[in-house]
Structures are given as C-alpha cells and as structure tokens.
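The next block holds one structure in the form of structure tokens; read it before the comments.
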There are 2 protein chains.
Amino acid sequence: MLKLSKKVEYGLIAVRHIASLNNQISTVKEISEKYAIPSDVLAKVMQRLTKGKLITSHQGAMGGYTLARRAEEISVMDVIAVIEGTQVGIAQCFAEEPQNCSIFHACTIKNPLGKIQHNLEHVFNSMKVSEIV
Amino acid sequence: MLKLSKKVEYGLIAVRHIASLNNQISTVKEISEKYAIPSDVLAKVMQRLTKGKLITSHQGAMGGYTLARRAEEISVMDVIAVIEGTQVGIAQCFAEEPQNCSIFHACTIKNPLGKIQHNLEHVFNSMKVSEIV
DNA sequence: TGAAATAGGACTACGCAAGTCGTATTTACA
DNA sequence: TGTAAATACGACTTGCGTAGTCCTATTTCA
C-alpha cells in the first residue's frame, strides 16, 4: 500500500547513475550489474524512459543511454509518469475514470484526500534528479 | 501504485461518519448502506479500528460503534496504521525488514525517497478526522 | 561478418487486495 | 426466556497488478 513500484525505483537509480557520470553513455549491463537489478526488467524501463524522452538511446555496439535533458530538468514525477504511463493517484478519484470508483457518488473523503494528493504531486514535481546525489 | 487501500478509505469514511453524527452510535448496516460499501468488508474494518482503540464497539441488539477518542485526536495516519497493521513505506527501505530489499546495499535513492517518506508521514499525521468535514 | 547493444512481444509466477461465506457470540427487549 | 439485532472472526475464492523470464529482431561499430 502506497508503495512505489520497483520499475520506478530502477528508473530513478538508472537516471541518477547516468547523471552522476556527467551524462557519459551507460549500458543496461553496466547499470544492472552495479545495482543488482535484473537486466531484462531494467531494459524495459530504459525503453520507456526513452519513449518518454527523458533519456536518449544509442543503438548498436558501443551504444547505451544518455540523458535527453539536464538532470535539473528531470523531476521524480517525470520518471514516474513515463514509467507507469498513468497519473499518480492515491485513490481512484485522482486517477483516470474517477467514476469507476464503486463509491464515487457517496464518497465523503474526496476533498481531504485531494489535499494529500496535491501535496504528493508537489513533492514529486519539485524533486529533481539533480538533487538525488 | 501509490494508492491507498479500499479498507483504509472505508475506515476513514466510517470514522468520519460517526464523528459527523456527534459520536452517536452507528451500525455497520447503516454505514455500508449509506456509502455502498460491502458490509462484510466494512465489518472487518470496524473490528480492526476497535482493536486499535480508535472506536469502541457495543455488542448486541441496539449495538454499534462510537468513537473512542475525540475526532480531533484521530489522525489519518492512526486509521492507516491500525487498518494496515504496518508502517506506511513508499519503498521497502521504510517498511519492516529493510534488508529484504533485493537492492538494499547498492541503492542510491534511499535518502531522497526518505525525504518524500517523511513528508507523507507528516501530512498523514497532521490531518485529523475532525478536518474531514 | 560478428559481437555488442537496444527494441519489444509473449509468457509465467506470485502476492496482495477485495470480496464472500459460514458460524459463533453478545445483548436488548417483547 | 427466546428471538432478533448486532458484533467477532476465521476460511476461502477471485481477480489483478507487479516482477521477472524468455525469445527473437534490429541496429551499429570494428
């Protein structure tokens, strides 16, 4: 409950890793070994980060990944959004299709949870990869 | 990902309900019908809230539940902790047995996530049931 | 041309959330 | 004193999402 997914953790670690090496090209193999992350899983994460334009892929031998933006311009929220493909929502009300919640009409806690939701979004948006030293 | 469980939502709704009726005795049937919550599920939630001493049960006919403390003294965190029975942790590092994380030793994002964790805890601790109008 | 790298689909395993069911126990009140 | 209304609680089922594995295709450097 209320946990980040491993994919997001892996993504943050990877992006931070590249940033910490001054954007030097890095491979899945290198990162997965260094941090003991299953390489197949990390590979998919990197592909999503690429599609989300947070990093740039370099195919072929001697290839790998570099950041697509400066580390100061990549927020934790960016990484989450790109990897999960959905909005962060602590309840259905704040994700897509709020109406799907079985309780929607009678729910009395949407507003208070909304405050918490906003707070979370703010924290995730304001924390940048460059701060993850 | 990062979602509260339905049980916690139900618990918050129930506690708020009782508080909004000035701590008048309320039954599972009444609450489950009013908010369209499955009564069996709600019953278990109420039992946990009782064990956690947030509400008081009154068995037998004409029984039900009342708050065990003033609404100003019940935080959202209290409800979560009692219902889930575990610490809120956005990653394994912040739950029980941090060492179980497959990445623990090499993880580079414990500190930044810790900031987010603390922020979350603060928000949940400071929001009281009395504020959930 | 071969090796090193990304791209990406298909599949499995597992755990947890959510809900259901059945039964026991307590208590007010007719 | 019996019955109905209520809580107590364990066992079970189901479904879904997470995490991970496997396999193959494609790209590119040397």
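Everything numeric here is computed off the predicted structure, so don't read it as measured data. In what follows, every heavy atom counts, from backbone to side chain, and hydrogens, waters and symmetry copies are set aside. The chains referred to below are lettered A, B, ... by the order of the sequence lines, with proteins before strands, and numbering in each begins at 1.
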Kindly work out whether a path of hydrophobic side-chain contacts (I/L/V/M/F/W/Y, heavy atoms less than 4.5 Å apart) joins B:Ile25 to B:Tyr65.
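No, it is not one cluster - the side chains of B:Ile25 and B:Tyr65 are not joined through contacts under 4.5 Å.
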
Linking I/L/V/M/F/W/Y whenever their side-chain heavy atoms sit closer than 4.5 Å, directly or via other members, would A:Phe124 and B:Met1 fall into one cluster?
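Yes; tracing contacts between hydrophobic side chains, which count when under 4.5 Å, links both residues.
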
Is there a residue in residues 55-71 of chain B whose heavy atoms reach under 4.0 Å of DNA chain C, and which residues are they?
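Listed by number, they are B:Gln59, B:Gly60, B:Ala61, B:Met62.
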
Within residues 2-31 of chain A, residues whose heavy atoms come under 4.0 Å of DNA chain C:
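Those residues whose heavy atoms fall under 4.0 Å from DNA chain C, taken from residues 2-31 of chain A in numerical order, are A:Thr27, A:Val28.
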
Protein-nucleotide distance ([X], atom [atom1]; [N], atom [atom2]), rounded to Å:
{"X": "A:Met46", "N": "C:dG8", "atom1": "CE", "atom2": "C1'", "value": "16 Å"}
{"X": "A:Leu49", "N": "C:dA7", "atom1": "CG", "atom2": "P", "value": "11 Å"}
{"X": "B:Arg48", "N": "C:dG19", "atom1": "CZ", "atom2": "C1'", "value": "13 Å"}

Taking B:Ile80 as the fixed residue, which of B:Val76, B:Ile83, B:Asp78 is the one that meets the side chain to side chain contact (heavy atoms under 4.5 Å, CB included) rule?
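Exactly one pass, corresponding to B:Val76.
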
Counting only heavy atoms not in A:His118, do more than 12 sit closer than 6.0 Å to its NE2 atom?
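No, not enclosed.
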
Neighbour count above 12 (heavy atom, 6.0 Å) for A:Gln87 CD
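No - once you tally the heavy atoms of other residues, nucleotides and ligands closer than 6.0 Å, there are 12 at most.
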
Does NZ or CZ of A:Lys110 fall inside the cone over A:Phe104's six-membered ring, less than 6.0 Å from its centre and within 45° of the axis?
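Checked: cation-pi criterion met.
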
Do the side chain of A:Lys44 and the base of C:dG9 come within less than 3.5 angstrom through a donor-acceptor pair of N or O atoms?
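Yes.
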
Closest to the A:Gln47 side chain: C:dC21, C:dA7, D:dA8?
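Shortest atom-to-atom distance from the side chain points to C:dA7.
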
Do A:Glu30 and A:Lys34 sit within salt-bridge range, that is, some charged N less than 4.0 Å from a carboxylate O?
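Here A:Glu30 does not pair with A:Lys34 in a salt bridge, since their nearest N and O are not under 4.0 Å apart.
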
Looking at every heavy atom in both A:Glu131 and A:Met127, which two are closest together, and how far apart are they?
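Result for this residue pair: OE2-CA, 3.6 Å.
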
